[in-house]
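Structure first, then comments.
Lettering of chains follows the sequences in order, A, B, ..., and the numbering in each one begins at 1. Reckoned from all heavy atoms, side chains included, excluding hydrogens, waters and symmetry mates. Owing to the predicted nature of the structure, the values given are computational and were not obtained by experimental measurement.
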There are 4 protein chains.
Amino acid sequence: MTYDVGFVGYGLMGKAHANALARLPMFFPDAPATNRRIIAGRDEDALARAAERYGFDRTTTEWRDVIDEVDVLYNLTPNDLHPEPSIAALEAGVHVLCEKPLASTLDAAEEMVAAAANSAAQAACAFNYRYVPAVTLMKRLVEEGALGEIRHFRGTYLQDFQADPEDSWIWRNDADVAGYGRVGDVGAHTIDLARWLVGDVERVAGTLSRFVEERPHPDDGTPTPVTTDDAYGALLRFESGAQGVIEGSRVATGHKNTNAIEIIGTDGAVRYDVERFNELELRGADDRGFQRISVTEPSDPYMDAWWPAGHGIGWEHSFVHENYEFLTAVDAGEGYEPGFADAYAVQTVVDAIVESHENGSWTTV
Amino acid sequence: MTYDVGFVGYGLMGKAHANALARLPMFFPDAPATNRRIIAGRDEDALARAAERYGFDRTTTEWRDVIDEVDVLYNLTPNDLHPEPSIAALEAGVHVLCEKPLASTLDAAEEMVAAAANSAAQAACAFNYRYVPAVTLMKRLVEEGALGEIRHFRGTYLQDFQADPEDSWIWRNDADVAGYGRVGDVGAHTIDLARWLVGDVERVAGTLSRFVEERPHPDDGTPTPVTTDDAYGALLRFESGAQGVIEGSRVATGHKNTNAIEIIGTDGAVRYDVERFNELELRGADDRGFQRISVTEPSDPYMDAWWPAGHGIGWEHSFVHENYEFLTAVDAGEGYEPGFADAYAVQTVVDAIVESHENGSWTTV
Amino acid sequence: MTYDVGFVGYGLMGKAHANALARLPMFFPDAPATNRRIIAGRDEDALARAAERYGFDRTTTEWRDVIDEVDVLYNLTPNDLHPEPSIAALEAGVHVLCEKPLASTLDAAEEMVAAAANSAAQAACAFNYRYVPAVTLMKRLVEEGALGEIRHFRGTYLQDFQADPEDSWIWRNDADVAGYGRVGDVGAHTIDLARWLVGDVERVAGTLSRFVEERPHPDDGTPTPVTTDDAYGALLRFESGAQGVIEGSRVATGHKNTNAIEIIGTDGAVRYDVERFNELELRGADDRGFQRISVTEPSDPYMDAWWPAGHGIGWEHSFVHENYEFLTAVDAGEGYEPGFADAYAVQTVVDAIVESHENGSWTTV
Amino acid sequence: MTYDVGFVGYGLMGKAHANALARLPMFFPDAPATNRRIIAGRDEDALARAAERYGFDRTTTEWRDVIDEVDVLYNLTPNDLHPEPSIAALEAGVHVLCEKPLASTLDAAEEMVAAAANSAAQAACAFNYRYVPAVTLMKRLVEEGALGEIRHFRGTYLQDFQADPEDSWIWRNDADVAGYGRVGDVGAHTIDLARWLVGDVERVAGTLSRFVEERPHPDDGTPTPVTTDDAYGALLRFESGAQGVIEGSRVATGHKNTNAIEIIGTDGAVRYDVERFNELELRGADDRGFQRISVTEPSDPYMDAWWPAGHGIGWEHSFVHENYEFLTAVDAGEGYEPGFADAYAVQTVVDAIVESHENGSWTTV
């Protein structure tokens, strides 16, 4: 069958997912067919332009219209808008791919998990970095035991798009909308990878930093309060006993998208930085140092679909792979991972970090 | 108007250009519209599958059919098939994008240049690496004088896809088809960049290496003679007085696609390696060392069309940019660069390297 | 005058400091002259060999003999032996250079600070990494304001010399001798640099990990308990408001001596890894990316004493610079930094990390 | 016995070798003992300062005095002064370590080889880069067959100490003194490593570049002609059939001491850059990418003499190792390598490159 797909939201994530859907037929011909049917948003002009660019049949300013018309809903809205459309869709039997973090509060996230549990539809959360071939290969290496027992997880997600106090205010600066600052945005990615690759987190200590108290509004330059953190740091103790140290920032001058993780085990270690998208560094059991691997061989995850060895892909391709896996699961009617329950587990870690910051104590997840 | 496009050839380059055409509307909406109308090849089954994947309306085993039906011909065949369809198309007023090197012999290339000169249609040669944003930025830096007067050009293009003597025979191993070995294939890319970035080459010394004399045929494993070089090296003297040192190999163990160039001037230097696709290293006039630049800002060439800073693109995107520029020139009716004359100039350098190898002397281009 | 120097301890640090003293006359001819007079230790045979190699006049098994004979004492013993000889020397007016951490307990460290305060002699603590030219240059950059206001400090000190549970037991595994595990050994280095480069630490959260419970004794292979941590992680809040994230490990497979720090400010960032000894990465205010700087110019700290630009030095040279500064201060009679008070301040941070680990709460320093 | 050593020359090489001799007893206690007896030079004041710094008993302005007094002569003069003192010493049975290149003309070099052949004394040429542990390890890997059959040698030696036309004139700019420009100075190093690691060179093509015609004299700023090349490039064909591409420059903006080589074989590849002194990159037969190896383990060449793993050494240490090997050979009375014959073989390649440049043809070595 051909799945009718609807988006709520048409910003960066709308562009990334629309592109992913458009590219599946040529590169993953066994992916279920989709029809980009309807896209919802507030600003009718911008929406119309987006619909044309992204190849949607029609637009709406009412997200409920989307649910009525589609088989699959992509919820690409700011965090506080994740629950209501997602829950409504699941209640209507419509599959959902919701952007991360799951919600702007843990309570809302819990309601979403409940809705997912009560629905036969797939409820997916869009942690796209699992679908970077180098990261998927990391998972394969961990599962094969190439690293032995994991002792250290190190994760950073450093950016500088708000390093300058004069950088415009964005919705991610607003606690009411975003719920969290860096810890909920990039921290959620790091924590999802930590849980996926190393296992459950038992307890955390965390700290949040706000370096800029207000920023000019993009519309008129009005100083607007920043109510979310600019940076976070956290210590993790995994259930396995492994130690984790993670941090994230939007004011880390010199870093564009340093989403980097390292996993160190008894027998080996592996590390990756999204800025060198196609490169994985592996120190195998018999190696004297880290091998710099070009994750572009046909035997590497997803790479047989693309180009010859050494001809790398980019950030957007992680969305293609994510959509491929999601739609395949939708078609199979079987549990996509990471689902809402995984995303909720991530959010409990995020919340525990915030709580640790506020209470000044280690917090059990 | 919407341009009808036809491909001759459906291999890797077919895939790369079909993808490029498919992506233009979403990312470069001002690009002329195209219709993937017809694709030609020999093997009907494979062709039919390619046509479906790549989105062509119909197939043919006669390349002349393509010329009859289209406004633009993409000649994506092995080198010895470049001249005839390209010339026929140009004579028919059909625009041509021909893969590099221009032809398998310099004489044939000369005929192609003549046909281009006599036609009002665009005659483009597909040197896609000019359209890598980091490389386009290099050009901008050179033109702005950021490097001062150029003294050194260094270029390598190292791969290992035939490092093992048991790697299958391919048409690039056949002198009758390919005309040249590494010097014509990857050497042509390096020389095109050298000419574009530094200027005309006055004379060369060259050497060719053949390390493997025969390889198993992919069909039945029959030992099949290798009649082209596995590797080349050359010294260049530019008209400006600059010194160039270049080399290429398909047996360079450990290298997947090390297409790397460095330009050193009196005031600065810049270097780039395709394997780190989004990274440019620049040593500016006031710098103490090379800056590692993420060429992903909206102000970087072509990058405003794609993703936020730090969210890199991949090899295939160079084809999108190339197609964008080519089709824009087709629509404008104005001279695309690099055209057949540029490609011919590249080939004269390639030929001079071969001649130097054979004669044992420096050769004037 | 020529200073008589005595060592207590003849292990790795004995070798490093003896070499440093031996090299001063040739490379820093304005350094005060020294005479390596006496060296103390327990094992008479090993001591005799060390004395010959390191150029000492005579040996003793009584550390008190050293104090009687010298102007300057180098206390290069395990941590629990730092206080008594150091205090005795200071009371006798003998200058002291004591290895880090200052002591195996905070109480003992406090007594050492008191002794230093009551003595006219210099009381130095051997944080040699301050004297790596790239690190000294970092300090210069911070002080010149090249980075603006500091927001992030990131420090790791990863090694794998005990990654294998079969690696021999060493005194650093014994809490009674070492006092602390990684946090006191490599953590002390990281924290000293943090304080020097960013300022005082206000509060911390910390965690300690012990992955291996016993190790074979080097003498006979007897399983011997490990009573110190194999790894630590900590969050720092500086008095300035900056955020710090640090960690250290002796079981970090693949890392030999990854003593790496990064400082990120409003205007720039700088980072350094001891494993690439002569390289500093600087992202200045006008740069698009990190410059990779070869800290080997005559204008770089200490480098005019050595070799031409690009001809790098090694780890041992940090000790030469340290000894140069220490002896110069001894000769001037003026306060060397870092002294015992600085080392004590470092140790309060170390202790707070341990306390946070034990209490499960953020701890004020 | 203790060997009396005399230097002719007290510049950079005097400093490097004096330091090496001074360090041997502490780190290589089995090295033959030496006495720095006499040092010769022209400028009496500078010479006196050097003698004091470098630890020589006395000075002379007559190099013949040195030969009369010593067992071992270090000839550290500009190239045109290599032959006479070296030959005189060898005729007197005095061992010689002569700096590279062997002489400023091939004829003079030939006379030196003859003198060496007729003398029982050791005649060594100071190609110190063979004694960098990472390079010695490269040799070990090649000999063990870890790379298989060698196909490619790539060598660059890029510096920028004369990138600016206003950089002072030095004796290396004078053809009468230096004999050669870059090709004889840094080219000799690269060619020595090429021959040592890959084997004899059969024929070459070469090019020389002079970008700056005159430079200010250091004494008074007088414009002084530059009569040697600023840069060279060359293609090598080894007797084994391997292909070599090498180049060197003193005007390569952004490069301080990029003495880098790569050897690519059928089974593996290895590469090294002196600027990252302790790092070797190895792509072994079973590896997917280059391993970055810290050549600091006790099992690595010469490294058991120094510091623990991960605590790297610097450029000067290559001279310590060189002196250790040289003096050990002197003491054993057995053939040190590389000797004058090796250095002559290097010079024949250098000369062939110059000849190729002048004649415009490939030149047989």
Inset, instruction - Examine the side chains of A/S209 and C/R151 and answer whether a donor and an acceptor come within less than 3.5 Å of each other. - result: no
Legend entry - Crowding at CD, C/E149 (>12 non-hydrogen neighbours, <6.0 Å): no
Legend entry - Contacting region of C/V212 [heavy-atom separation from chain A under 4.5 Å]: side chain
Inset, instruction - Give the member of A/R154, A/R271, A/H152 that has the highest number of heavy-atom pairs under 4.5 Å with chain C. - result: A/R154
Inset, instruction - Among C/Y232, C/F211, C/F290, single out the residue with the greatest number of heavy-atom pairs under 4.5 Å to chain A. - result: C/F211
Inset, instruction - Could you look at A/R237 and say if it's the side chain, the backbone, both or neither that has a heavy atom under 4.5 Å from chain C? - result: side chain
Legend entry - Test log, rule side chain to side chain contact (heavy atoms under 4.5 Å, CB included), inputs C/L208 and A/Q243: CA-CA 8 Å; C/L208 308 180; A/Q243 171 179 308; over 6 Å; no
Inset, instruction - Specify which of A/A234, A/G244, A/A242 makes the most heavy-atom pairs with chain C at under 4.5 Å. - result: A/A234
Inset, instruction - Against chain A, work out which of C/A269, C/G148, C/A252 has the most heavy-atom pairs shorter than 4.5 Å and name it. - result: C/A252
Legend entry - Any A/E247 side-chain heavy atom under 4.5 Å of C/L235 side chain: no
Legend entry - Structural part of C/T156 lying under 4.5 Å from a heavy atom of chain A: side chain
Inset, instruction - State the CG-OG1 distance between C/D164 and A/T266, to the nearest 0.5 angstrom. - result: 9.0 Å
Legend entry - Crowding at CD, C/E214 (>12 non-hydrogen neighbours, <6.0 Å): yes
Legend entry - Pairs of heavy atoms under 4.5 Å with chain C: top-ranked of A/A231, A/G289, A/P165: A/A231
Inset, instruction - To the nearest 0.5 angstrom, please state how far the CG atom of A/D160 sits from the CD1 atom of C/I264. - result: 9.0 Å
Legend entry - Donor-acceptor contact below 3.5 Å, side chain C/T253 vs main chain A/G265: yes
Legend entry - Worked check of side chain to side chain contact (heavy atoms under 4.5 Å, CB included) between A/W362 and C/T207: CA-CA 10 Å; A/W362 278 80; C/T207 193; 3.5 Å; yes
Legend entry - Stepwise side chain to side chain contact (heavy atoms under 4.5 Å, CB included) test for C/H255 and A/E262: CA-CA 12 Å; C/H255 292 271; A/E262 178 169 4; 2.6 Å; yes
